[in-house]
Amino acid sequence: MGRERGDGRVWRAWRGLGWALPAALAAACAVNPATGAREFNMVSEGQEIAMGQQGGQSVRQSQALLPDSAMQAYVARIGQRIARASERPQLPWRFTTLDDPIINAFAMPGGEIFFTRGILTHFNSEAEFAAVMGHEIGHVTARHTARAMSRQQLAGLGLGLGALLSQDVAQMAGALQQGLGLLFLKFGRGDESQADELGFRYMVAQRYDPDAMADVFAMLSRVSGGGRRLPEWQSTHPDPENRERVTRARIDSAFRGRPRADLAEGRNEYLRRLDGMVYGENPRQGFFRGAQFLHPELAFSLTFPDGWQLQNGEDAVVAGEPQGAAVVQLQLDQGTPEEAARRFLGQQGVQVGQTGTLRAGIGTGVSATFGAQGQQGAMEGMAMWVAWNGRTFRVMGLSGAGGLSRFGAAFEATMRSLSPVRDRAVLDIQPHRVDIVTVPRAMTAEAFLQAFPSSVAAEKVLLVNNWLPGQQLAAGSLAKRIVQGRAGR
């Protein structure tokens, strides 16, 4: 939970659905620029770009960005290099790294590409990074992202964000989409395989060693999950082991009898860029223990309903009911609790229900129930505003019509759980960081683990280095260990 920024909406309602029939018929005759196939597509390139830029802006507003300008510039530089090798170099490509520990990369239409800190820490060379960059660019050039994003926006959510009169309630509906993980586009296996093929083509065109793509799939096949949600590349993409085999066969076919000595790997240069980067969750920004959220910097905790899907965003902490029927959000508000409540309840489109006070662990707050009209129908909500350490906190629950009778008790219990944190172990907690060290002599991976202890389990160190048990390490090579509390980025 970071500073309050932007309107926080993940998606806005997609306008302009009423395209003219002649335009649709013309689009039906379009040739896909990357594949050469004729395909029916209702989205023009201009609409594709606008749709992606709108989505990209919402991601940057609602998600924390990696606070490392040098790494952001590096990601953008490699992205532009790979994009130049594609069939659509003229797109307004933009590359952003999110301060998120999950292993993920995703693309939006028109050239918006996102990487997470989590996937960057698991790469071991620039060529591996370029392989995934090429894959994501392939989704854009083949227009997979335009089709997937338009499907999601057309489907929408029952809460109906975008047509709401209340901007704050619209923000809540957007937060529900974020909390349920709908931000990340899903593709079919055929699209994923096609993006692999295009990514291979692009990285080879820029003289990167394609063995790195097979290495990435080898790493992904060993990722077991963990964390607050499954790694995107493992949970929705084709089997990484199969993709590794296909890639190695593609390499054999493309380079049979051809020299490969001039292909770049960029291992040491890439690893040095990771030195000091946060590994895993950054607890200083708040962290979960089961359903409980704790924030060391702001010294508070909040317990969400059991089994709900959790998301710690840039300006809000969100819990979504698994079936998408309700959401609870915590964020900072402006002014006193009384001022913030009056401002919200006085908005056009908000029908005020019962008002009063509610006792939470950090003090007594102002509370209210309310209704609002959404695109798909009426909604009901409950909110509490309470002051703590010079800040005003707002906890709000939102559901569809009749939802307060079903979720009101869960909303209230969450609000009452807002409590101070005084445990020094929580207040002083520090993140794990990547520490790049030089292997002093030839040794096994197990010997490295003994010589250079890490603050996380040995299995995670093996994974982040993409080592197998018993792997031999060369003297003078660079390797990662994970330490806690070291100053860094």
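All values derive from a computational prediction rather than experimental measurement.
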Give me the atom names and distance for the closest heavy-atom approach of [X] to [Y].
X    : Y    : answer
V278 : G280 : CG1-O, 3.8 Å
M203 : A127 : CE-O, 3.6 Å
G138 : A195 : C-CB, 4.5 Å
I82  : Y208 : CD1-CE1, 3.9 Å
P440 : A475 : O-CB, 4.3 Å
P89  : E87  : CD-C, 3.3 Å

Are any of the side-chain nitrogens in [X] or [Y] under 4.0 Å away from the carboxylate oxygens of its partner?
X    : Y    : value
E128 : R267 : no
E126 : R77  : no
R117 : D100 : no
E459 : R222 : no

Return yes if some donor-acceptor pair links the side-chain N/O of [X] with the main-chain N/O of [Y] below 3.5 Å, else return no.
X    : Y    : value
S477 : A474 : yes
Q329 : V317 : no
S125 : G266 : no
Q63  : R60  : no
N466 : D215 : yes
T247 : R243 : yes
D209 : A212 : no
E112 : A107 : no
D275 : I436 : yes

*So with a 6.0 Å cut-off around CD of Q90, is the heavy-atom count from everything else above 12?*
yes
Heavy atoms, side chains only, cut-off 4.5 Å: are [X] and [Y] in contact?
X    : Y    : answer
H122 : L463 : yes
F293 : F304 : yes
P92  : I49  : yes
P109 : V140 : no
H135 : L198 : no
V464 : V456 : no
F123 : V132 : yes
E446 : P469 : yes

About how many Å separate [atom2] of [Y] and [atom1] of [X], when rounded to the nearest 0.5 Å?
X    : Y    : atom1 : atom2 : value
L91  : E48  : CG    : CD    : 6.5 Å
H295 : F287 : NE2   : CZ    : 10.0 Å
W308 : D306 : CH2   : CG    : 11.0 Å
Y270 : L478 : OH    : CG    : 13.5 Å
M213 : I251 : CE    : CD1   : 8.5 Å
F448 : L462 : CZ    : CG    : 10.0 Å

*Among T97, T116, L98, which residue meets the side-chain contact (heavy atoms from CB on, under 4.5 Å) test with L66?*
T97
Would you check if there is a donor-acceptor pair between the side chains of [Y] and [X] at a distance under 3.5 Å?
X    : Y    : result
S69  : Q72  : no
Y202 : T141 : yes
N312 : E281 : no
E192 : H144 : no
E45  : Q47  : no

*What residue pairs, at least two apart or across chains, pass salt bridge (charged side-chain N to carboxylate O under 4.0 Å, His left out) with a residue in residues 470-481?*
D435-R481
*I78 and F95: side chain to side chain contact (heavy atoms under 4.5 Å, CB included), yes or no, with the steps?*
CA-CA 9 Å; I78 302 303; F95 305 90; over 6 Å; no
*In sequence, state the C-alpha distance, the side-chain angles, and the governing distance for R289 and V426, and then conclude on side chain to side chain contact (heavy atoms under 4.5 Å, CB included).*
CA-CA 11 Å; R289 284 181 176 170; V426 173; 4.0 Å; yes
*asked:* For a salt bridge (Lys or Arg N to Asp or Glu O under 4.0 Å) check, start with the C-alpha distance between E244 and R248, then their side-chain angles and the critical distance, and finish with the verdict.
replied: CA-CA 6 Å; E244 180 186 359; R248 297 204 183 278; 3.4 Å; yes
_Tell me whether the rings of F106 and F114 are parallel (<30°), tilted (30 to 60°) or perpendicular (>60°)._
parallel
*asked:* Walk me through whether W467 and L473 qualify under side chain to side chain contact (heavy atoms under 4.5 Å, CB included).
replied: CA-CA 9 Å; W467 292 338; L473 313 182; 3.6 Å; yes
*Test V318 against L310 for side chain to side chain contact (heavy atoms under 4.5 Å, CB included), laying out the working first.*
CA-CA 6 Å; V318 180; L310 308 174; over 6 Å; no
